[in-house]
Amino acid sequence: MVKVEFLGPIGKAPVEMEAKTLADVAEKLKEDGTVKEWLPKCAVALNDTMVSDLNTPLKDGDRISVLPPVCGG
Amino acid sequence: MVKVEFLGPIGKAPVEMEAKTLADVAEKLKEDGTVKEWLPKCAVALNDTMVSDLNTPLKDGDRISVLPPVCGG
Amino acid sequence: MELYNGSLDVKEIFGRWLDEEAESNYGAYIPFVGTIRAEDGIEALSFDIYEPVLRSWFDAWQQRAKERGAVVKMAHSIGDVPVHTSSYVSAVFSPKRRVALELIEEFVEDFKANAPIWKYDVKNGERIYAEDRSTPMDGSGLLA
Amino acid sequence: MELYNGSLDVKEIFGRWLDEEAESNYGAYIPFVGTIRAEDGIEALSFDIYEPVLRSWFDAWQQRAKERGAVVKMAHSIGDVPVHTSSYVSAVFSPKRRVALELIEEFVEDFKANAPIWKYDVKNGERIYAEDRSTPMDGSGLLA
């Protein structure tokens, strides 16, 4: 099981799922209509490190963060 | 008569001279060996306004400043 | 990196950073102070921060600055920050002015684009995501 | 524009400028602080200023800044400034960060090139013109 958390304004509680790669996570998240709309503009961190490869392998206990558009300052 | 003053490190007392234009001033200043060496790298102000035209006419009482290379900050 | 609840004490931060580097022999110190503008009838802006990723982002910047002989510092607010008070101070110290001027621009622009901070307008006590002023981070769309 | 004998009280200047513009609704405040580096065995730097031309230069900059919705401020030392103390603070206030970042760079670079200020190294109590670090002002060579 991996845990997916939604940061900032997405305002959705974390979900747990079975996934071997980030591609699996993507597939499952797209089933949720609200989350699906956020995905094109969201970046992704795996255990607090930004990632850019859908083939990134996942292991039990991994934490995936979905980061919507930012505006600090 | 106009007055020519030498700013910052030039370290020369002001001089007075007859001059109808800045070109006249240039000609007279070049007669002084030390001043002549400074002139290629010096800018010029007329009554505290920077000037860039040798034909600038001068009138009695005008004050010309010779400004050597700067380094503020 | 410093995070505070509410408005920043800008003078305290500026002065403390100055003192911290007083003997470091840096010739240029450029802070950037971001203050909440009164516009569109807002009372305040409000901020969420994801600290672990912000810290990685900042650590990477410290390294980049170090390679150029410089130091970067940063402070940001969490939660509500009323108009005409400050939510953000960052700074560069460097031996020479050119590096300092270049770094402060790169640092602030990358901060705007990639620091994991979310901004909300506060109107009538309500928090509204500032979506139109927000920027997708580098690498966005991976899961789309 | 503020001129002081000796080192600047940087914290006082920074804080006072912040207070002066506290209600002006500027979103970005970028000061540049120039501090004397210990190098080449100097005890201090020393400065001559020709104030009338400096004032014209600064007034022209205030106008340029105003056309972009911004404000510039500046303080500089006259005479000796010991190492690890500051001789120069300038600043830009602007509604938005882009203009502030662009202006502080232009303002500081033009200051270095065209403000009528002469710098001297102070070694063993002697004042030596910093010729190698100095720049001929725009329009130099007119009388050559």
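All chains are named by letter (A, B, ...) in the order of the sequence lines, taking the proteins before the strands, and each is independently numbered beginning at 1. Heavy atoms only: backbone and side chains are in, while hydrogens, waters and symmetry mates are out.
The closest side-chain heavy-atom distance from Asn47(B) to Lys59(B) is below 4.5 Å. Proximity of Ile128(D) to Ile42(D): side-chain heavy atoms (C-beta onward) are nowhere separated by under 4.5 Å.
Chain D forms more heavy-atom pairs under 4.5 Å with one residue of Cys42(B), Gly8(B), Pro69(B) than with any other, namely Pro69(B). Your options are Ala45(B), Gly73(B), Gly72(B), and the one with the most heavy-atom pairs under 4.5 Å with chain D is Gly73(B). Taking chain B as the reference chain and counting heavy-atom pairs below 4.5 Å, the highest number among Gly139(D), Ser87(D), Ser134(D) is found for Ser134(D). Ranked by heavy-atom pairs shorter than 4.5 Å toward chain B, the options Tyr129(D), Phe111(D), Tyr88(D) are led by Tyr129(D). When Ala43(B), Pro9(B), Pro40(B), Ala23(B) are compared by the number of non-hydrogen pairs under 4.5 Å with chain D, Pro9(B) comes out ahead. Per-residue heavy-atom pair counts under 4.5 Å with chain D were compared for Val70(B), Asp48(B), Leu22(B), and the maximum is reached by Val70(B). Heavy-atom pairs under 4.5 Å with chain D peak, among Ala26(B), Ser52(B), Pro68(B), at Pro68(B).
For Ser56(D), the part lying near chain B is the side chain, with the backbone staying farther off; criterion is any non-hydrogen pair under 4.5 Å. For Glu5(B), the part lying near chain D is the side chain, with the backbone staying farther off; criterion is any non-hydrogen pair under 4.5 Å. For Leu29(B), the part sitting under 4.5 Å from any heavy atom of chain D is the side chain, from C-beta outward, and nothing else. For Lys30(B), the part lying under 4.5 angstrom from a heavy atom of chain D is the side chain only.
The interface of residues 28-36 of chain D with chain B, defined by heavy-atom distances below 4.5 Å, is empty.
Annotation for Glu21(D) and Val71(D): closest pair OE2-CG1, 4.2 Å, computed over non-hydrogen atoms. Nearest heavy-atom pair, Leu54(D) versus Ala115(D), reported as atom, atom and distance to 0.1 Å: CD1-CB, 3.7 Å.
With a 6.0 Å radius and a threshold of 12 heavy atoms from other residues, nucleotides or ligands, Glu27(B) has its CD atom at or below the threshold. By the neighbour-count criterion of 12 heavy atoms within 6.0 Å, atom NZ of Lys123(D) is densely surrounded, having more than that number from other residues, nucleotides or ligands. Counting heavy atoms of neighbouring residues, nucleotides and ligands inside a 6.0 Å radius, atom CD of Glu109(D) exceeds 12 of them.
In this structure, Phe107(D) has its ring center closer than 6.0 angstrom to the ring center of Trp61(D).
Side-chain atoms of Asp48(D) and Tyr120(D) include a donor-acceptor pair closer than 3.5 Å.
Between Asp9(D) and Arg16(D) no salt bridge is recorded (no basic side-chain N to carboxylate O distance below 4.0 Å).
Cation-pi geometry between Lys41(B) and Trp38(B) is met: the NZ or CZ atom falls under 6.0 Å from the ring centre, inside 45° of the normal.
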